[in-house]
Amino acid sequence: TGFLLNKMSEKTMNDLNPEFRSFRQSSVYLGGTQNRGNSFTMLHRRHGFPENRALKVLPGEESEFKLYFSPDVAMANELCSTGDAEPGEFKFFQWSTVWLPKQLDLEYESKCWLTLKAPVDIIFEEHGPSQQPLWRRLVGSLPAGLLQSK
């Protein structure tokens with residue numbers, strides 16, 4: 001399972017879960033096109049959440065940070081209410097992108113994906129309509145001439 005990082009929906013958390021006061025203004029992103037199982041997920045970097053699941057890194061990559069996805073928005077809301085966390089530390093997604101078993105590994109080995117190291121904080125930035133899309137900013141940060149059509 002994966003998530004698109006920069007496809008903001010027109011919804012906020014207030015539209016989906018107004019009871020979580022800390023997140024009422026938080027944007028909800030479309031994580032993909034597939035609505036399977038739990039279609040709502042929260043991405044964050046906090047240890048200790050019940051049902052935390054670590055996000056898998058790319059094959060062969062060592063990760064110095066951990067990203068988790070969890071359904072426990074109530075715990076995140078409580079941390080923000082007590083000042084132990086900030087709402088910007090959490091990102092919310094409806095739906096996801098799902099691959100068949102081993103499909104993503106095969107696509108990666110076949111070089112279907114451009115991968116690059118980027119600061120994890122970029123995941124939690126708001127990507128408003130006035131900004132360049134996330135993918136354009138990241139690809140634009142690559143050295144000149146690296147991407148050339150042959």
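Any value given below was found using the heavy atoms of this structure, including those in side chains, with hydrogens, waters and symmetry copies removed. Numbering of residues begins at 1 and proceeds along the displayed sequence.
- Counting heavy-atom neighbours within 6.0 Å of Glu10 CD, excluding the residue itself, gives a total of 12 or less.
- With rounding to the nearest 0.5 angstrom, the CZ atom of Phe92 is 10.0 Å from the CG atom of Leu43.
- In this structure a side-chain-to-backbone donor-acceptor pair under 3.5 Å is present from Arg24 to Pro18.
- With values rounded to the nearest 0.5 angstrom, Leu30 atom CG is found 11.5 Å from Ser96 atom OG.
- Clustering ILVMFWY residues whenever any of their side-chain heavy atoms sit less than 4.5 angstrom apart, transitively, puts Tyr68 in a cluster other than the one holding Phe90.
- Here Thr82 pairs with Asp84 under the side-chain hydrogen bond (donor to acceptor under 3.5 Å, both in side chains) rule; sequence neighbours left out.
- Atom CZ of Phe93 is separated from atom CZ of Phe40 by 10.0 Å, given to the nearest 0.5 angstrom.
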Under 3.5 Å, which donor-acceptor pairs do the side chains of residues 70-79 form with other protein atoms, sequence neighbours left out?
from, atom 1, to, atom 2, distance (Å)
Ser70, OG, Asp72, N, 3.1
Asp72, OD1, Met75, N, 3.0
Asn77, OD1, Arg21, N, 3.3
Asn77, OD1, Ser22, N, 2.9
Asn77, OD1, Ser22, OG, 3.2

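- Residue Leu67 is grouped with residue Ile122 when hydrophobic side chains (ILVMFWY) are merged at heavy-atom distances under 4.5 angstrom, including chains of intermediate members.
- Between the CG atom in Asn17 and the OG atom in Ser26 there is a gap of 11.0 Å [rounded to 0.5 Å].
- Although no hydrogens or angles enter the test, the distance criterion places a donor-acceptor pair under 3.5 Å between the side chain of Thr12 and the main chain of Asn14.
- No side-chain heavy atom of Tyr29 sits less than 4.5 Å from a side-chain heavy atom of Lys7.
- For the atom pair CE of Met13 and CZ of Phe20, the computed distance is 6.5 Å after rounding to the nearest 0.5 Å.
- By the side-chain hydrogen bond (donor to acceptor under 3.5 Å, both in side chains) test, Ser27 is found to be paired with Glu126, residues two or more places apart in sequence or in another chain being considered.
- Separating the CE atom in Met42 from the CZ atom in Phe49 is a distance of 4.5 Å, to the nearest 0.5 Å.
- Counting non-hydrogen atoms of neighbouring residues, nucleotides and ligands closer than 6.0 angstrom, the CD atom of Glu107 exceeds 12 such neighbours.
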